[in-house]
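First the structure, in the form of structure tokens, and then the observations on it.
Values in this document were obtained by computation on a predicted structure and should not be read as measured data. Scope of the values below: all heavy atoms of this structure, side chains included, with no hydrogens, waters or symmetry mates. A note on names: the letters A, B, ... follow the listed sequences, proteins ahead of strands, and every chain is numbered from 1.
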There are 2 protein chains.
Amino acid sequence: MVHTDYSKVSLPPVLTHQPTPASCTLPATNNWLGQYGFCISFGPQEKPTKSTAWTYSEMKDKLYVNMGTACPVRFHTTHPPPPGSVLRAMAVFTKPEYVKDVVKRCLNHSSPSDVTNENHPAPDHLIRCESPQAYYVMDSNSERQSVIVPFENPQVGMSYTTYLFKFMCLGSCVGGLNRRPIKIVFTLENKCGLCMGRQSLEVRICACPGRDRRTDEKHFERQHEPHSQGLGEAVKRTSNEICQEFVTVAPAPKKPKSNNEDDEIFTIKVIMKITMHDKT
Amino acid sequence: MVHTDYSKVSLPPVLTHQPTPASCTLPATNNWLGQYGFCISFGPQEKPTKSTAWTYSEMKDKLYVNMGTACPVRFHTTHPPPPGSVLRAMAVFTKPEYVKDVVKRCLNHSSPSDVTNENHPAPDHLIRCESPQAYYVMDSNSERQSVIVPFENPQVGMSYTTYLFKFMCLGSCVGGLNRRPIKIVFTLENKCGLCMGRQSLEVRICACPGRDRRTDEKHFERQHEPHSQGLGEAVKRTSNEICQEFVTVAPAPKKPKSNNEDDEIFTIKVIMKITMHDKT
DNA sequence: CAGGCATGCCTG
DNA sequence: CAGGCATGCCTG
Ligand SMILES: [Zn+2]
Ligand SMILES: [Zn+2]
């Protein structure tokens, strides 16, 4: 396997040709703690009003966020990964019909004349990371866009490091996300681009995060009322490069979710936590 | 006064510098029959379903139309205008706050990759005329866009000629019309660009013309219920280059409306028909 | 094709 | 900031 050594790269990886988590046509999205205990969480939040800038629903394991809002995401590790490790964030459409489509900003918002694009190197990237060390890459193979930042180990006494992410289109943007739900896939990678941990997160970018969260949770609860119980929904996956094991206790603040492809309104509660490992 | 002789022009008028109805920062929109009895009308229409492609409301004097639909507009004249006369269609924002803004397609829809722009000379023009002789101009002074077609006299025994117009964005297009109501100003011009007649028409480009017409008319009727009567709304105008005269009978199918600037929900029925003449 | 939801945004 | 409208689009 060929690796990309980011620590030596001066040209952006868009000009390189090494496989990374961003090179796949169908990127893996299953949660995988890996050997460094990589996972994410959200801090406490002011009571979510109808139009709060962002809110995270435990019940749905879903982030609701305004467009252009810097949203703090906590990245946990239990052991320090090797020096030169990076954190990558990449968006993927959730629905099988669209997974192969590259996620990018709509034409309106990627226009150079859009105020958000003044002095920005990646006007058409959906995800931005508020770090001076962030760099924006497009995989020449998959054409998928992502943002990469050097991974910083938690400060002493802390279990996580916080990064700020911005989402630069609405989920409803015509010609862009176009109302298609997305996931953000966060990967911890060594300096060669090898994946050492992965956490994905459903994100809804919208004008009223509070309202939409409440609506989602109401629907979700209705699904889970006694009279509508059932265990009919099978656990699905797309990647065949994974194996499966049972985890009895979630060792991290944000519990790894089941590898259920579309945790939509038909998803039912999964009794046992399931996590998946990349084949190594 | 300098004139543009379109019959001699081989370069598009975008490269000329003669005043025409499209050169003004604030184009006149008042209805004026002129000496050739220039006015417009709409043919009968299949019963307007919720999502009919287009429908014209007499009550509101307003056209409701789907984006991209070829909509037949009838142009009446009582006398033939001079040879070389043209018909121009230009869109203008209705609300005073926006009149000075140039109306054009949103960035999404003006993109070369948009299917509507294959082999089209004017991807960012809102109004298209379905005629092989149509040409698309941008006034170098006002930057306003318009489409021009040779004026064809009605066939013998007919009082009008029909032209097909398409509207290439939704009224709701973000970064484009952006939910700002517009008028289409149709002008009959001689070959030098001199205005010889003008008719403007409120147009709503939307996904459900039938529904939206019904909604508008319901609101309008509510305004006109006995208990909400009043004659408070004065006739306004912006241009000071006009004179005013009373016309006792509307000599054309579509009655010239009053020169009321915003025939919005507060407009009340005008008892006497008023028409206005350009100062010549 | 009508009913009605989804979702940005305006109004009080 | 919540209520609720406006408006594209999905569903039956
Ligand atoms: Zn966008
Ligand atoms: Zn548009």
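As rounded to whole Å, 16 Å separates atom C1' of dA6(D) from atom CZ of Arg214(B). Between the CD1 atom of Ile205(A) and the P atom of dG8(C) there is a distance of 10 Å, given to the nearest Å. Protein atom OH of Tyr64(A) is 13 Å distant from nucleotide atom P of dA6(C), rounded to whole Å. Nucleotide dT7(C) holds its C1' atom 13 Å from the NE2 atom of His219(A), rounded to whole Å. Atom CZ of Arg180(A) and atom C1' of dC9(D) are 15 Å apart (whole Å). We find that CZ of Arg213(A) is positioned 18 Å from P of dT7(C), with the value rounded to whole Å. Per the geometry, CG belonging to Asp216(B) stands 15 Å off P belonging to dC5(D), to the nearest Å. Put simply, CG on Asp212(B) is 7 Å from P on dG8(D), counting in whole angstrom units.
In terms of modelled atom types and a separation under 3.5 Å, the side chain of Thr69(B) and the main chain of Val65(B) share no donor-acceptor contact.
Look at Ser172(B) and you'll find a side-chain N or O under 4.0 angstrom from OP1 or OP2 of dG8(D).
Of the residues in residues 101-109 of chain A, not one places a heavy atom less than 4.0 Å from an atom of DNA chain D.
Bending across the helix from dC1(C)-dG12(D) to dG12(C)-dC1(D), expressed as the angle between its end axes from five pairs apiece, amounts to 20° (10° rounding).
Considering only residues two or more places apart in sequence or on other chains, Tyr163(B) meets the ring-ring contact (aromatic ring centres under 6.0 Å, His included) condition with Phe75(B). Partners of Phe93(B) according to the ring-ring contact (aromatic ring centres under 6.0 Å, His included) rule, which considers only residues two or more places apart in sequence or in another chain, do not exist here. Partners of His109(B) by ring-ring contact (aromatic ring centres under 6.0 Å, His included), not counting sequence neighbours: none found.
Checking Glu202(A) against Thr94(A) by side-chain atom types alone, no donor-acceptor pair falls below 3.5 Å. Side-chain atoms of Arg88(B) and Ser146(B) include a donor-acceptor pair closer than 3.5 Å. Donor-acceptor pairing under 3.5 Å is lacking for the side chains of Arg105(B) and Ser111(B). Side-chain atoms of Thr55(B) and Arg213(B) form a donor-acceptor pair, as typed in the model, at a separation below 3.5 Å.
Checked by distance alone, Arg211(B) brings no side-chain donor or acceptor within 3.5 Å of a matching partner on the base of dG3(C).
Listed nucleotides: dC9(C), dT7(D), dG8(D). Nearest to the side chain of Arg204(B): dT7(D). Distances were taken from every side-chain heavy atom of Arg179(A) (C-beta onward) to each of dT7(D), dC9(D), dG4(D); the shortest belongs to dC9(D).
Residue pairs meeting the salt bridge (charged side-chain N to carboxylate O under 4.0 Å, His left out) criterion with at least one partner in residues 160-182 of chain A, sequence neighbours excluded, are Asp101(A)-Arg180(A), Glu130(A)-Lys166(A).
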